[in-house]
Structure formats: structure tokens, C-alpha cells
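All heavy atoms count here, side chains included; hydrogens, waters and symmetry mates do not. If you're wondering where the values come from, they're calculated on a predicted model, not measured in any experiment.
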Amino acid sequence: LIRLSTIEATVVENKKFDSAFWGLKVKLIEVTAKVLKVVGYGNVILLAQCRVYLLKTRLPYIRKIKPLLDSMADKETEFPFKLDEHLCQSIERAMVSLILALPSSDQADILVNWMSSVQLRYPNLSEAFEVWCCRTKSAKRRSVEGLNNVGNTAVCL
């Protein structure tokens, strides 16, 4: 994954190769979608730190490429490299599943990163954010109730 991320960063940011690598960029997103899908839905089990790394490397890449592809498709009607809506939705669903399966602190890190980005439109992780908020409130409420019940327990000898 590290080597692929380095190659992707070069491909994304090197403007002189833009026209030659659009097909490669789309294929990388398609492969990313498949990886996210099998990991996000539990078909392949990875450690939490690997899943976090996967999200932290894929999310910025997809965030950079999708607007570029969309703008190129808007400029050139014959532009052959487009992301279809089904693929985009599949990526979003897989990312949401993957995020929700992470420990809460990792979820928070990824969601804070997502919210601080200018590109909030895609991928839309608001479902993961809402679930994380509900879980966090519920966990806080349970811990407060647990602390209150500790003082009320009777001691039997």
C-alpha cells in the first residue's frame, strides 16, 4: 500500500502526465473500490490499524481525483474517463461500513479529517458521522449512569 500511495501521489499531482494517466487514475479508483468493499463488508479481515491506514490513504486520493475527473468530463464531452454513479455510491457505502467498524477514536480522527476538508461533497460520510455521534452520546450516557450507580451499590460482607 505504501508503494502504491507514492505512485498515486505522483500521478495525481504531476500535471504533465494528466492526459496520459486518466485511464490509470480511473483504474486505481476501481481497484480501490473493490478493496474497500471486501474489507468494509468483512470479506477480508484486517487489523484496525491497517483499516485506518487504508482509509487515510484512499480517502485523500479519491477526494482529489473525483473533482478532477468531473471537471474534465464537463470540459470535454468526449472525455472517456468518467466515474459512474454506481461506483461512487459503492465507494461511499464501503467507506461508511469500514469507518463504523473501527474503534471510536479512529472514527473520530477520520471524520474530523473529512469534515476539515473543502471537498465535503464526495465521499459523503455524513451517515458514518451521525452513527458515530449517536454511539458517542450513548457511551457517554452509559458511563455517567455507571458512575452514578457505583456510589449506590450496597456492600455485603
Describe, in one word, how the ring planes of F129 and W114 are oriented to each other, choosing from parallel (under 30°), tilted (30 to 60°) and perpendicular (over 60°).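 The arrangement is tilted - the two ring planes meet at 30° to 60°.
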Answer with yes or no whether the hydrophobic clustering places [X] together with [Y]; edges join I, L, V, M, F, W, Y residues whose side-chain heavy atoms lie under 4.5 Å apart.
X	Y	answer
L100	L46	yes
L55	M115	yes
F79	I29	yes
L36	V44	yes
L54	Y41	no

Any side-chain heavy atom of K25 sitting closer than 4.5 Å to one from L69?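 Counting from C-beta outward, K25 and L69 never come under 4.5 Å.
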Are the side chains of S104 and R135 in touch, meaning some heavy atoms are under 4.5 Å apart?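 No; the side chains remain at least 4.5 Å from each other.
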If you measure from [atom1] on [X] to [atom2] on [Y], what distance do you get to the nearest 0.5 Å?
X	Y	atom1	atom2	result
L87	K82	CG	NZ	14.5 Å
I91	E30	CD1	CD	8.5 Å
S71	K75	OG	NZ	5.0 Å
S90	E85	OG	CD	11.5 Å

If every non-hydrogen atom of [X] is compared with every non-hydrogen atom of [Y], which pair is closest and at what distance?
X	Y	answer
L111	A128	CD1-O, 4.0 Å
G42	I45	O-CD1, 3.5 Å
I99	Q107	O-CG, 3.0 Å
A48	L102	O-CD2, 3.8 Å
W132	A108	CZ2-CB, 3.6 Å
L125	M95	CD2-CB, 3.9 Å

Okay, side chain of [X], backbone of [Y]: is any donor-acceptor separation there less than 3.5 Å?
X	Y	result
R58	V35	no
S97	R93	yes
T32	L28	yes
Y122	I62	no

If you count every heavy atom of other residues, nucleotides or ligands that lies below 6.0 Å from Q49 atom CD, does the total exceed 12?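 It does not: Q49 CD has 12 such atoms or fewer within range.
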Around atom NZ of K27, are there more than 12 heavy atoms of other residues, nucleotides or ligands at under 6.0 Å?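 Not buried by this count: 12 neighbours or fewer within 6.0 Å.
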V26: which of L83, I65, V31 passes side chain to side chain contact (heavy atoms under 4.5 Å, CB included):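 Of all the options given, the one that passes is L83.
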